[in-house]
Amino acid sequence: DAKTTQPPSMDCAEGRAANLPCNHSTISGNEYVYWYRQIHSQGPQYIIHGLKNNETNEMASLIITEDRKSSTLILPHATLRDTAVYYCIVNARGSTLGRLYFGRGTQLTVWP
Amino acid sequence: GAVVSQHPSWVICKSGTSVKIECRSLDFQATTMFWYRQFPKQSLMLMATSNEGSKATYEQGVEKDKFLINHASLTLSTLTVTSAHPEDSSFYICSATSGTRSNEQFFGPGTRLTVL
């Protein structure tokens with residue numbers, strides 16, 4: 001079962017930052033927060049993951065609250081190619097063989 | 001690196017026939033592979049987990065006799081939909097993890113199955 005809650009849809013102007021929230025109030029101490037995205041009719045793409053510290057990579061930044069009950073994925077300069085469904089998933093590394101349970105995700109639409 | 005391919009990318013078959021979908025890790029050894037199903041406008045649903053050389057573990061509600069999974073090597077897993085029916089029409093996606101990069105799952109591009 002998905003243990004996360006995300007808004008069903010958001011939109012963002014091209015070139016602006018897209019901030020996608022996720023609630024995971026029942027997250028366990030050993031569970032990581034993962035973000036994936038799925039462009040229409042393609043397989044999901046890994047974006048970023050974190051445990052409790054903020055993380056940044058070439059694609060995005062992940063901000064996790066101190067109590068770890070929520071997080072925000074930040075795409076600093078959204079482009080039209082970032083239009084996709086974004087999934088926030090919690091998963092315990094090394095346990096349950098890495099099974100990922102996807103929720104409904106957030107449909108992000110970037111407009112020109 | 002870390003590319004996963006699926007074949008075929010789409011398939012149309014008649015009701016009652018069986019369809020095999022291949023999932024390959026092209027540049028790494030996949031210790032574990034996963035199979036998902038996605039209906040239109042819905043999220044991905046995990047069907048089963050397979051480890052090389054052992055039987056697959058199916059999620060609750062997934063019929064193991066209908067969805068046969070074989071993971072015969074570290075680079076290949078197959079999903080066979082037996083006696084397919086129109087309600088099996090869906091987007092089937094595989095993913096793979098390797099021992100060295102277990103924090104990521106690498107997904108294939110998906111296979112669109114349409115059963116007439």
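What you are looking at is a predicted structure, and each value in this text was computed from that prediction instead of being measured. Excluded from the calculations below are hydrogen atoms, water molecules and symmetry mates; all remaining heavy atoms, backbone and side chain alike, are included. Numbers restart at 1 for each chain; the letters A, B, ... are given by sequence-line order, proteins then strands.
In terms of heavy-atom pairs under 4.5 angstrom with chain A, the leader among B:V4, B:I93, B:L44 is B:L44. Of the listed residues B:P109, B:G110, B:S43, the one with more heavy-atom pairs under 4.5 angstrom with chain A than any other is B:S43. Contacts with chain B were tallied for A:H40, A:Q38, A:Q107, A:Q45; A:Q38 has the most, counting heavy-atom pairs under 4.5 Å. Of the residues considered (A:P44, A:S41, A:G105), A:P44 shows the highest number of contacts with chain B, using heavy-atom pairs under 4.5 Å.
Residues A:I27 and A:I64 share a single hydrophobic cluster, defined by chaining ILVMFWY side chains whose heavy atoms lie under 4.5 Å apart.
When side chains are defined from C-beta on, B:F106 does not count as touching A:Y46, because their heavy atoms never get closer than 4.5 Å.
The closest donor-acceptor contact from the side chain of B:T111 to the backbone of B:P8 lies under 3.5 Å. In this structure, A:Y36 contributes its side chain and B:Q105 its backbone to a donor-acceptor pair below 3.5 Å.
Exactly one residue among A:N19, A:T72, A:T56 makes a side-chain hydrogen bond (donor to acceptor under 3.5 Å, both in side chains) with A:S61. That residue is A:T56.
For B:Q38, the part lying under 4.5 angstrom from a heavy atom of chain A is the side chain only.
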